[in-house]
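Inspection log for the structure reproduced underneath, given as structure tokens.
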There are 2 protein chains.
Amino acid sequence: MTADVRIAEVAALIGDPARANILSALMGGQALTASELAYAAGVSPQTTSGHLGKLTDGRLIACVRQGRHRYYRIATPRVAEMLEGIMAVVADLPPRHRPPSKLDEAMRNARTCYDHVAGKLGVNLTDALCARGHLVLSDDGGEITDSGVVFFRDFGVDLAAARSRRRIFCRPCLDWTERRPHLGGTVGAVLAQRCFDLNWLQRMRDGRALTVTPAGRQGLSETFGLSL
Amino acid sequence: MTADVRIAEVAALIGDPARANILSALMGGQALTASELAYAAGVSPQTTSGHLGKLTDGRLIACVRQGRHRYYRIATPRVAEMLEGIMAVVADLPPRHRPPSKLDEAMRNARTCYDHVAGKLGVNLTDALCARGHLVLSDDGGEITDSGVVFFRDFGVDLAAARSRRRIFCRPCLDWTERRPHLGGTVGAVLAQRCFDLNWLQRMRDGRALTVTPAGRQGLSETFGLSL
DNA sequence: CTGATAGTACGGTCGCGGCCGAACTATTCG
DNA sequence: CGAATAGTTCGGCCGCGACCGTACTATCAG
């Protein structure tokens with residue numbers, strides 16, 4: 001009973017269009033400033049400030065001050081998973097009207113999902129890892145095989161350090177455009193980070209969409225056998 | 001962008017206290033009538049009817065008519081998982097004030113979580129299965145061992161039939177009172193069902209709380225080594 | 001110091017939506 | 001058939017909260 005009212009409070013925080021836009025923008029994984037979020041939300045800076053205050057009070061986002069900027073981010077991985085859960089339900093809903101735009105197209109191809117790679121690219125990466133026997137993914141969870149440990153080490157990713165973190169290590173995350181699972185959890189996060197470090201992937205301005213660099217095109221082909 | 005507004009719509013559906021109460025009541029796993037839900041929500045039948053209409057339109061709940069009654073239930077397991085995700089975030093929040101009531105106490109001891117057993121009993125059952133080597137549960141997912149298959153068969157549960165369902169087979173579900181995982185997924189559901197069939201567990205009126213019958217006390221002790 | 005930019009606080013408007021009373025439809029029972 | 005119960009629809013009230021204009025506090029540049 002007493003918990004229900006708090007469920008309603010949290011859901012109401014997400015249930016405003018401006019705030020949903022803010023959270024969705026932050027699901028890109030980057031910390032963003034109040035101004036950037038005002039633009040993403042489509043409302044004035046004053047209004048945005050109010051929303052950010054509410055979201056911060058509700059512990060859904062966190063804020064770090066840096067000079068005259070304030071950077072906001074999703075507070076915890078658990079909050080990110082909650083939002084993914086809502087997106088999964090939304091993806092299940094019967095489509096209403098979808099005027100496909102260019103940005104939508106880019107989003108479908110490749111985007112970040114909190115801190116890992118989603119979209120066609122994310123699903124294809126995951127499939128490649130499974131096909132090569134580096135990863136076993138079920139509906140329930142996932143596991144890196146022995147050959148996968150070697151593969152990741154050669155790729156420059158330290159799985160041992162990743163495994164020691166508190167967070168869920170390896171799990172499938174339902175892709176709301178492809179409607180198939182892609183790799184999430186800590187493993188998904190370090191894999192994405194490595195791709196950014198290698199400059200294989202770059203974030204597009206104003207959004208969660210990603211572009212594959214020429215180096216990335218070559219690297220993804222050689223390492224994962226992906227032809228883009 | 002276009003998906004964000006639907007996220008907000010879904011979250012807003014959950015974000016009303018009366019509707020959150022309704023959904024929470026339905027998370028008990030039973031289909032309930034409109035009157036029962038009106039009582040659970042704490043609002044008039046007319047108001048409840050409006051809420052139920054909105055929730056049904058939003059595909060969060062489904063309705064089956066039976067005579068002059070209408071039974072409402074959570075529409076899909078995915079919706080149930082979304083709600084669990086919200087509850088997990090709520091459980092993370094710093095506690096406000098909690099005047100512990102008798103019903104709360106019963107809920108903490110044993111309750112249903114959509115269709116499986118939660119609370120102290122759920123966690124202890126899960127621990128017992130793990131300790132006996134019938135179940136391996138990680139943060140990521142879970143697996144029934146060979147000895148577990150035998151154990152469940154002897155217990156009268158047909159895992160093969162359960163495995164063939166589309167739904168996630170075996171997964172950990174964060175318990176929001178114990179803050180530790182208990183067994184969810186299809187395996188959790190059939191285990192709970194078997195306990196109901198054996199009349200080991202009974203639902204209490206008006207709520208998700210469960211009582212252990214004398215037969216259940218004996219059976220749970222003999223089969224799982226639980227002393228209650 | 002002044003001017004510019006990032007962000008917040010406050011006050012007032014306004015519209016959406018939750019709420020209930022009353023009236024209406026559908027099913028069961030005697 | 002008529003009475004009783006389950007549930008919905010309609011209409012009107014009312015309050016919460018999103019929104020913006022204005023004014024304010026920080027930080028930085030020159």
Side-chain angles (χ1 to χ4, degrees), chain A residues 1 4-26 30-73 205-206, chain B residues 1 4-26 30-73 205-206:
Chain A
M1 267 294 196
D4 302 358
V5 52
R6 308 202 64 175
I7 292 174
E9 286 171 11
V10 169
L13 277 177
I14 313 168
D16 173 80
R19 287 193 293 262
N21 279 329
I22 289 172
L23 290 169
S24 187
L26 290 176
Q30 289 182 108
L32 299 174
T33 65
S35 319
E36 290 169 320
L37 291 171
Y39 177 79
V43 293
S44 71
Q46 311 91 294
T47 303
T48 303
S49 178
H51 287 312
L52 292 174
K54 287 192 173 78
L55 288 170
T56 307
D57 286 346
R59 315 289 178 117
L60 296 190
I61 65 176
C63 175
V64 315
R65 304 179 53 153
Q66 210 162 95
R68 58 178 162 178
H69 293 281
R70 299 198 184 182
Y71 285 91
Y72 291 89
R73 60 172 174 82
R205 286 189 311 112
D206 292 338
Chain B
M1 267 292 196
D4 302 358
V5 52
R6 307 202 65 175
I7 293 174
E9 286 171 12
V10 168
L13 278 176
I14 313 168
D16 173 80
R19 286 194 294 263
N21 279 329
I22 289 172
L23 291 168
S24 186
L26 291 176
Q30 289 183 108
L32 299 174
T33 65
S35 318
E36 290 168 322
L37 291 171
Y39 177 78
V43 292
S44 72
Q46 311 92 292
T47 303
T48 304
S49 178
H51 287 311
L52 292 173
K54 287 192 172 77
L55 289 169
T56 307
D57 286 346
R59 314 288 179 116
L60 296 191
I61 65 176
C63 175
V64 314
R65 305 179 52 154
Q66 210 163 95
R68 60 178 161 177
H69 292 282
R70 299 198 184 183
Y71 285 92
Y72 291 90
R73 61 171 174 81
R205 286 188 310 112
D206 293 336

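The chains referred to below are lettered A, B, ... by the order of the sequence lines, with proteins before strands, and numbering in each begins at 1.
Between the side chains of A:T33 and A:E36, a donor-acceptor pair is found at a separation under 3.5 Å.
Between the C1' atom of C:dC19 and the CG atom of B:N21 lies a distance of 15 Å, rounded to the nearest Å. Atom OH in A:Y39 sits about 15 Å away from atom P in C:dA6, given to the nearest Å. Per the geometry, CZ belonging to A:R65 stands 9 Å off C1' belonging to D:dT27, to the nearest Å. Here C:dG17 presents its C1' atom at 17 Å from CD1 of B:I14, a figure rounded to the nearest Å.
Here D:dT8 is the nucleotide among D:dC20, C:dT8, D:dT8 with the atom lying nearest to any side-chain atom of B:R70. With D:dG7, D:dC20, C:dC19 as the candidates, the nucleotide lying closest to the side chain of A:Q46 is D:dC20. For A:H51, the listed nucleotide lying nearest its side chain is D:dC19; candidates were C:dT8, D:dC19, C:dC19. Closest to the side chain of B:D16, out of D:dG7, C:dC19, C:dT27, is C:dC19. Nearest nucleotide to the A:R68 side chain, out of C:dT5, C:dT8, C:dT27: C:dT5.
Dashed line: the shortest gap from a side-chain N or O of B:K54 to OP1 or OP2 of C:dG17 is not under 4.0 Å. Of the side-chain N and O atoms in A:T47, one or more sit less than 4.0 angstrom from OP1 or OP2 of D:dC20.
Using a 4.0 Å heavy-atom cutoff across all strands shown, A:Y71 reaches no nucleic acid atom at all. Residue contacts shown for A:T33 are limited to sugar-phosphate atoms, with no base heavy atom under 4.0 Å away.
Positionally, the nearest nucleotide of DNA chain C for A:A34 lies more toward the 5' end than for the other of A:A34 and B:V43.
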